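The structure appears right after this line, and notes come after that.
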Amino acid sequence: MKVKILRQVSPFSESYWETFDADVPGETSVAALIDHINYNDDITDETGRPTTRIGWECSCLQGVCGSCAMVINEVPSLACETFVRDLVKDGNGTITIRPLRKFPIVHDLVVDRSSIFENLKKTSMYVEEYRPSSKAKKAKQKEELAHRYQTAKCLKCGLCLEVCPNYVNGERFLGALFANDCYLVSSRNPERSAEVGKQYAEHFAAGCSKSLSCMDVCPMKIPTIASMAKMNRKA
Amino acid sequence: MRDAIVIGSGIAGMTCAIRLAERGVHVCLVSPFPSERSQSVLAAGGINGVLSEHEEGDSVACHIEDTLRGGCGLAGRKAVTGLCESAEDIIRRLEKAGTVFSVDENGRPLRRAFGGQSFRRTYYCGSATGKHIVSALVMELRRYEARGLVERKLWSCFYSALISDGRCCGVILYDETKLDLIPLTADAVVIATGGQNAMFGKTTGSTQCDGYTAGKLFTQGVELKNLEFIQYHPTTIETKQKRMLISEAVRGEGGRLFYLEDGRRVYFLEDKYGPNGNLMTRDIISREIDAAGKTVWLDISFLGEEEIMRRLPEVRDLCLKYIGLDIAKEPVPVAPSVHFFMGGIAVHLNHETNIKNLFAIGECASMYHGANRLGGNSLLSAQYSAIVAAEEIASRAPAGGVPDFAAELGEGRAHLRKLKESSGSRFPVTYIREMLADTMREDLGITRDEASLRSGIKSIDYYLSLADGINYDSSVAMHELYSLKAILQLARATLTSAESRRESRGAHFRADYPCEDDSYAAATIISYDEGRYSTRLDEERKYES
Ligand SMILES: Cc1cc2nc3c(=O)[nH]c(=O)nc-3n(C[C@H](O)[C@H](O)[C@H](O)COP(=O)(O)OP(=O)(O)OC[C@H]3O[C@@H](n4cnc5c(N)ncnc54)[C@H](O)[C@@H]3O)c2cc1C
Ligand code: FES
């Protein structure tokens with residue numbers, strides 16, 4: 001199979017495509033595939049021309065840290081839980097890999113996602129004092145808890161931003177991960193609801209066209225639409 | 001003190017930064033990547049504590065005794081008492097920070113059984129406890145970031161400590177955005193860089209936990225402790241990219257280990273240790289699996305799909321995704337793997353190292369777990385150690401002036417230039433790292449002996465002799481290049497410590513000395529001086545005060 005990768009030496013250089021030959025079993029993840037290409041004495045492209053090792057980021061290698069987010073066959077995905085068998089048939093075909101486009105490139109597949117964290121800081125996404133409402137009925141509380149459990153699993157990987165037609169560079173519209181954090185803050189401290197609601201209206205509701213593609217690519221399967229409904233109800 | 005640098009932003013680093021900020025100390029929190037990428041998010045099963053509402057018969061005293069017993073006489077009573085007594089406060093604070101603990105119908109946090117514990121006292125968030133704690137702490141920390149009390153420094157790695165006359169006044173960092181070394185000074189430095197999993201290649205942990213910081217500090221005069229005590233987790237699965245943990249929560253929820261003999265299931269742990277055999281401590285179970293010499297299976301399918309989805313959803317997802325097996329329907333084949341480091345940087349009760357104003361917390365420090373850690377105690381100790389260090393730093397007077405470190409910085413830059421300018425055939429560091437991992441797994445396995453340890457030391461010495469001479473591949477990240485030598489030195493120190501302990505205790509099992517020996521009932525301390533590795537037993541218990 002062929003592995004076609006969009007590469008870039010540094011933030012200041014031009015990007016270029018490079019194609020590699022690889023032969024790995026179908027149950028190999030894309031993370032292990034990149035490792036396989038890198039683990040060679042002299043790494044060469046498909047024409048046999050010597051080249052450099054591919055830069056990429058990983059940590060947990062089991063889909064819970066968000067490090068290895070990239071675009072694989074045009075789908076924003078985590079490399080460590082995307083498998084070769086689902087990308088090419090019988091080991092024949094091409095796997096195309098490129099870095100997330102919505103963030104500045106650091107090197108090859110490594111991007112700088114600092115803007116995610118800067119924006120959450122700028123918009124004061126923190127609880128201050130924990131005062132969850134205890135007035136709700138038991139069944140409702142249970143449902144809230146289940147949603148909070150799911151939402152707090154957000155990896156801040158940026159896949160939802162990559163796929164979103166409205167997210168550009170995080171200057172105004174801040175995307176699904178922001179909507180989910182808005183919900184978490186206001187559910188933990190309803191006294192901040194009004195303030196958070198305002199941020200939500202400005203940085204999310206005003207820009208979301210409800211394509212909901214964010215939910216399709218979320219590795220944690222966070223039902224962002226439920227966070228939206230809860231935030232809209234609060235507003 | 002006025003300011004502190006915290007290196008590492010996992011659960012320990014974040015907790016320390018929060019507590020320092022609460023006390024008005026300005027913090028610079030350094031890590032190459034955000035906290036969401038730290039190993040802490042992998043913690044699955046839960047956190048231990050005896051709260052005011054507890055299982056009948058349980059008590060803080062009992063938690064202390066279980067922890068000391070698990071540690072096989074090597075954990076200090078004072079430290080462990082502080083740890084267990086603070087558990088309620090720590091867990092309550094986590095709740096207040098918004099950690100989504102699993103609760104019962106009445107909203108009370110649930111507890112599960114964990115290995116080596118007399119009662120159910122492990123609080124949990126499904127089987128993603130670490131992730132939920134990290135999420136809550138990230139938000140809590142953001143409040144202090146917004147106020148300017150905590151400044152996060154991403155894309156930066158620890159390179160070395162600035163130490164003069166036995167006092168630490170800062171660090172040199174490698175800044176990946178500037179591609180350069182930068183000095184940073186403060187009244188105190190706190191190391192929170194986690195364990196050294198990556199030294200063993202594929203383990204249950206994160207690739208970021210490479211042991212470099214502990215190794216580098218060791219060569220700068222910081223003493224290390226109990227390195228030979230490495231926890232092998234008994235139940236992990238093999239995948240193409242790593243060994244993945246099947247949380248102890250599975251056994252806590254009733255999971256049973258067996259092997260097949262003539263087509264019949266043999267529940268070997270229950271046969272040997274009674275009905276609670278599956279919840280013996282990790283060191284014992286790992287050795288039993290190793291000794292069985294057959295494929296061992298873990299079964300929880302009898303719990304049924306609904307209960308499994310309620311209590312262990314992440315474990316089920318993981319097995320389905322990576323080995324295509326449904327734990328609600330069939331047992332999983334498991335084997336032990338390196339998982340946790342009881343040893344690490346030697347610290348006093350206040351978490352200060354033998355270098356003044358240099359502290360270590362979390363998994364990189366050695367304090368509470370002795371010869372074997374009980375599951376659920378490290379999420380607790382990561383936070384407790386952080387709080388102890390923060391309180392100490394906040395209560396101290398500001399440190400004096402900062403000496404001139406221009407020479408150290410110049411040397412560092414020259415060293416990196418040399419690595420970058422390597423030419424000729426390019427040798428990827430990964431090759432030596434891979435050989436190192438093979439050596440460590442083989443020669444420092446669950447069972448060791450003099451011959452294997454000596455052979456391990458010989459191999460590491462050989463890799464060390466290569467490290468200075470190879471032509472590095474400058475296309476890999478700079479941290480990969482400069483970290484190699486100190487990681488090898490840490491590996492050498494680990495094997496040397498294991499060789500010096502001629503007895504078996506907890507996770508350290510010597511085939512040639514299979515019994516516990518009272519004359520070794522003290523921590524191993526190792527120090528470094530120009531290529532010499534010297535071990536001693538801390539018989540005066542210097543590090544317990
Ligand atoms: C799979 C798994 C499951 C676990 N389950 C449990 C459990 O259920 N209960 C329990 O109590 N414990 C559990 N543990 C253990 C527990 O998770 C860890 O001991 C704990 O989270 C360690 O936290 P830490 O903050 O010390 O380190 P880490 O979370 O590892 O954080 C280390 C930080 O240091 C940074 N860093 C590393 N090197 C450098 C450098 N050179 N420069 C700058 N920064 C650096 C990293 O980027 C990271 O931010 C588990 C461990 C694993 C691997
Ligand atoms: S490496 Fe953690 S999600 Fe892929």
Side-chain angles (χ1 to χ4, degrees), chain A residues 9-11 24-25 27-29 31-32 35 38-43 52-53 55 57-67 80-81 106-107 110 112-114 116-117 120-122 124-130 132 134 138 141-142 145 148-149 152-157 181 184-185 188-189, chain B residues 33-34 36-39 41-42 95-100 102-103 105-107 125-126 128 130-132 135-136 138-143 145-146 152 154-155 176-177 179 202 205-208 239-242 244-245 314 317-318 321-322 324 425-428 430-431 434 473-477:
Chain A
V9 174
S10 79
V24 293
E27 67 267 26
T28 312
S29 69
D35 251 353
N38 274 342
Y39 196 71
N40 262 314
D41 236 343
D42 289 309
I43 160 163
T52 53
R53 271 159 240 286
E57 193 185 316
C58 69
S59 171
C60 74
L61 290 174
Q62 57 182 77
V64 293
C65 81
S67 294
C80 69
E81 56 169 26
V106 175
H107 166 58
V110 182
D112 183 359
R113 288 171 277 185
S114 312
I116 294 179
F117 305 96
L120 293 170
K121 188 169 97 183
K122 264 194 234 151
S124 303
M125 283 304 130
Y126 47 83
V127 182
E128 206 74 65
E129 287 304 318
Y130 181 64
S134 52
K138 254 190 190 167
Q141 276 187 10
K142 211 171 152 189
L145 199 75
R148 239 181 271 164
Y149 183 85
K153 280 204 207 167
C154 172
L155 303 181
K156 306 289 184 289
C157 59
D181 260 26
L184 277 179
V185 173
R188 285 166 181 175
N189 181 3
Chain B
F33 303 108
E36 283 82 354
R37 323 277 182 250
S38 69
Q39 178 171 289
V41 299
L42 283 163
E95 271 185 311
K96 286 201 136 199
T99 308
V100 195
S102 298
V103 294
E105 296 298 314
N106 299 311
C125 313
K131 173 63 193 167
H132 281 284
S135 289
V138 163
M139 253 194 199
E140 184 71 355
L141 188 64
R142 193 173 289 140
R143 147 150 81 133
E145 288 178 59
R152 273 193 188 253
L154 293 176
W155 298 108
E176 302 223 24
T177 57
L179 304 177
K202 288 179 170 186
S206 151
T207 51
Q208 281 178 33
T239 73
K240 280 249 174 284
Q241 55 215 50
K242 73 178 288 196
M244 285 181 201
L245 176 76
E314 290 85 2
D317 285 352
L318 181 105
K321 199 185 296 171
Y322 290 99
S425 83
R426 292 168 308 149
F427 197 87
T430 2
Y431 280 15
E434 198 92 356
D473 177 349
S474 55
S475 72
V476 304

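Quick caveat, the model's predicted, so the values are computed rather than measured.
- Between R113(A) and E36(B) there is no salt bridge, since none of the side-chain N atoms of the basic residue sits less than 4.0 Å from a carboxylate O of the acidic one.
- Between chain B and the residues A32(A), C80(A), S10(A), the most heavy-atom pairs under 4.5 angstrom are made by C80(A).
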Intermediate values then yes/no, side-chain contact (heavy atoms from CB on, under 4.5 Å), V138(B) and M125(A): CA-CA 10 Å; V138(B) 163; M125(A) 283 304 130; over 6 Å; no
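- Interatomic distance, CD of Q62(A) versus OG1 of T239(B), reported as 8.5 Å (0.5 Å rounding).
- Of all the listed residues (K122(A), E129(A), E81(A)), the one sharing the greatest number of non-hydrogen pairs under 4.5 Å with chain B is E81(A).
- Interface remark: of the candidates A136(B), S102(B), G130(B), G126(B), G126(B) forms the most heavy-atom pairs closer than 4.5 Å to chain A.
- Side-chain atoms of K131(B) come within 3.5 Å of backbone N or O of C154(A) as a donor-acceptor pair.
- Contacts with chain B were tallied for G63(A), G55(A), S29(A); S29(A) has the most, counting heavy-atom pairs under 4.5 Å.
- The contact between E57(A) and chain B is made entirely by side chain atoms (from C-beta outward), counting heavy-atom distances below 4.5 Å.
- Interface residue P25(A): only side-chain heavy atoms are found under 4.5 Å from chain B.
- Closest approach of L61(A) to M244(B), counting heavy atoms only: O-CE, 3.5 Å.
- Interface check for chain A: of the options E105(B), R152(B), E176(B), E434(B), the most heavy-atom pairs under 4.5 Å are formed by E434(B).
- Among N189(A), V185(A), D181(A), N38(A), the residue making the largest number of heavy-atom pairs under 4.5 Å with chain B is D181(A).
- Closest heavy-atom contact between Y130(A) and K96(B): CB-O, 2.7 Å.
- Interface check for chain A: of the options H132(B), K240(B), K242(B), K321(B), the most heavy-atom pairs under 4.5 Å are formed by H132(B).
- With a 4.5 angstrom heavy-atom cutoff, V110(A) touches chain B only via side-chain atoms.
- Distance check: S135(B) OG to R148(A) CZ gives 13.5 Å after rounding to the nearest 0.5 Å.
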Apply the test side-chain contact (heavy atoms from CB on, under 4.5 Å) to residues S114(A) and W155(B): give CA-CA distance (whole Å), side-chain angles for both, the deciding distance (0.1 Å), then the verdict. CA-CA 10 Å; S114(A) 312; W155(B) 298 108; 3.7 Å; yes
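- Distance check: F33(B) CZ to S59(A) OG gives 8.0 Å after rounding to the nearest 0.5 Å.
- Each of C125(B), A128(B), S38(B), A477(B) has some count of heavy-atom pairs under 4.5 Å with chain A, and the biggest count is that of C125(B).
- Ranked by heavy-atom pairs shorter than 4.5 Å toward chain A, the options Q39(B), R143(B), Q241(B) are led by R143(B).
- The closest donor-acceptor contact from the side chain of R37(B) to the backbone of C60(A) lies at 3.5 Å or more, if one exists at all.
- Put simply, OG1 on T430(B) and CG on D35(A) are 8.5 Å apart, with the number rounded to the nearest 0.5 Å.
- Top candidate by heavy-atom pairs under 4.5 Å with chain A, chosen from E140(B), Q208(B), R142(B), is R142(B).
- Between V100(B) and R188(A), some side-chain heavy-atom pair lies under the 4.5 Å cut-off.
- For the set V64(A), L145(A), L120(A), the entry with the most heavy-atom pairs within less than 4.5 Å of chain B is L120(A).
- Ranked by non-hydrogen atom pairs under 4.5 Å with chain B, the options E27(A), H107(A), K142(A), K156(A) are led by K156(A).
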